[in-house]
Amino acid sequence: MSDKERINFGSKLGVVAAAAGSAVGLGNIWRFPYELGQYGGAAFLIIYLACVVVLGMPIMLSEFVIGRMGQANSAGSFKKLAPNGKWWLVGVMGVFSSFLIMGFYVVVSGWTLEYIVQAVGNQFANKQTTDLAQVFSNFSTDTVRPLVWMSVFMFLTAAIVFAGIKNGIEKSTKLLMPMLLLIIIALGFRSVTLPGGIDGLRFLFQPDFSKISSAVVLSAMGQAFFSLSLGMGCMITYGSYINRKNHLSHTVVEVTLIDTLIAVLAAVAIFPAVFSLGINPAQGPELVFITLPNVFAHMPGGYIWAILFFVLLSVAALTSTISLLEVIVAYFVEEFNFKRTNVIIFASLGIMFLGVLSSLSLGVWSDVKILGMGFFELFDNFTSKILMPVGGLLIALFVGWKLDKQAILNELSGNGQFKTGYFKVYMFLIRYIAPIGISLIILNQLGISKLIGLE
Ligand code: PHE
């Protein structure tokens with residue numbers, strides 16, 4: 001596709017909606033609270049926020065820059081900007097990451113569909129915490145039912161990606177995301193006013209620094225990459241669809257604010273209830289699916305709230321899976337000239353295969369372990385804690401050290417139309433802080449920093 005033909009997001013709001021649609025998803029409402037619960041509450045939150053600002057924002061801007069300058073998919077953009085190097089492999093790694101992320105993400109997305117059905121059937125009313133935990137465990141360890149929902153979800157994603165960027169993504173996000181935000185705020189009010197809810201707020205906002213370890217720092221960083229959809233070519237691909245009239249740094253600030261706000265509010269909705277109901281905050285991936293149905297059961301109009309919430313959560317997941325699939329599709333269509341329809345079909349089948357592995361690893365195949373983890377855990381950990389941060393590191397090196405500084409400045413300023421007072425700070429973060437910070441965090445976790453005498 002030549003530059004001229006390349007489709008653009010329709011409007012300024014469209015850009016923000018699409019990128020925020022990618023960022024806001026299960027990462028905010030499902031993964032963030034359970035990671036935070038497992039890794040010690042407020043201390044995790046503080047490190048998470050620091051990672052978002054110091055690493056996340058500059059890397060998102062860098063991805064937009066690469067995509068909009070390169071005008072191509074994640075690998076193609078690198079090829080255009082550095083034709084002689086091997087940098088395009090960073091893009092290929094992103095495509096690989098997309099597959100693995102989708103491999104567990106579609107399973108959890110399927111769970112949200114099951115919970116819509118349960119909400120409609122009024123299944124949460126009058127149930128105690130232990131009943132709700134049982135319901136979840138029966139369902140998620142089942143062999144067939146989660147796979148049916150996963151397939152439905154994969155089909156929806158494929159259908160929207162088939163319909164194309166502009167029609168599919170922008171429209172669904174603009175209206176539904178503000179609604180999701182409102183529901184989470186309402187849930188937050190209910191949760192905070194439950195008896196004993198205050199302990200949850202304490203857990204969330206009163207840091208206990210003795211809980212910080214290399215594992216906490218690595219998982220907070222991984223969560224920042226995951227939640228902002230970074231380090232795997234998603235924002236490069238979307239960046240290539242952003243119109244030149246668009247102010248990239250504003251988009252970054254808006255998307256980051258929305259994403260972080262929704263994550264923090266989700267935690268405010270969940271932890272007071274967790275403490276009030278005596279649920280273990282370190283419960284793991286089932287945390288949200290046990291806690292929130294409980295909150296709905298205690299809420300006036302809970303029946304309607306529950307339905308609305310799970311519908312919107314599915315939509316939020318859908319706007320994320322769309323962006324993940326788009327990374328894969330844009331790559332194979334542009335680099336190999338395959339037909340869009342064929343790529344969508346084969347990629348979906350491949351993803352469903354991984355989805356079967358992840359889903360069954362929670363049930364009948366729970367004994368199958370690789371590096372001590374089942375497939376679900378493996379795909380989740382390997383992508384967010386290794387692949388995405390390493391991808392982010394390479395992206396930072398590319399923009400910081402390989403691309404021409406003046407060309408970046410021109411791209412960011414729209415050839416002088418926009419103010420770029422942040423440019424020096426941005427360059428400093430991307431050249432030094434991001435590469436050094438990410439390396440240290442990963443090395444520290446691997447225990448290598450001890451070996452080479454950094455500690
Ligand atoms: N950011 C999405 C979420 O929080 C997940 C995602 C990761 C989407 C990577 C695209 C790319 O749910």
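These numbers come from the heavy atoms of this one structure, side chains and all, not from hydrogens, waters or symmetry mates. When a ligand or atom number is given, it counts from 1 through the structure's own listing order.
- Distances between N or O atoms of Y105 and those of ligand 1 include at least one value under 3.5 Å.
- There is no side-chain donor-acceptor pair under 3.5 Å between Y115 and S314.
- Residue A23 has at least one nitrogen or oxygen atom sitting less than 3.5 Å from a nitrogen or oxygen atom of ligand 1, judged on distance alone.
- K402 NZ: 12 or fewer foreign heavy atoms inside a 6.0 Å radius.
- In the vicinity of N28, heavy-atom distances shorter than 4.0 Å reach the ligand 1 atoms 4 (O).
- Each of F289, F309, W305 was compared with F296 under the ring-ring contact (aromatic ring centres under 6.0 Å, His included) criterion, and only F309 meets it.
- For S323, no nitrogen or oxygen atom sits less than 3.5 Å from a nitrogen or oxygen atom of ligand 1, counting backbone and side chain alike.
- For a threshold of 3.5 Å applied to N or O pairs, the pair formed by F226 and ligand 1 contains at least one separation below that value.
- In summary, the atoms of ligand 1 found under 4.0 Å from a heavy atom of L26, numbered by their order in the structure, are 12 (O).
- Residue-ligand proximity, S227 to ligand 1, at heavy-atom distances under 4.0 Å covers atoms 1 (N), 4 (O).
- Within ligand 1, counting atoms from 1 as listed, the ones closer than 4.0 Å to a heavy atom of M232 are 9 (C), 11 (C).
- Annotation: G27 places an N or O atom under 3.5 Å from an N or O atom of ligand 1; distance criterion only.
- An N or O contact shorter than 3.5 Å is missing between I101 and ligand 1 by distance.
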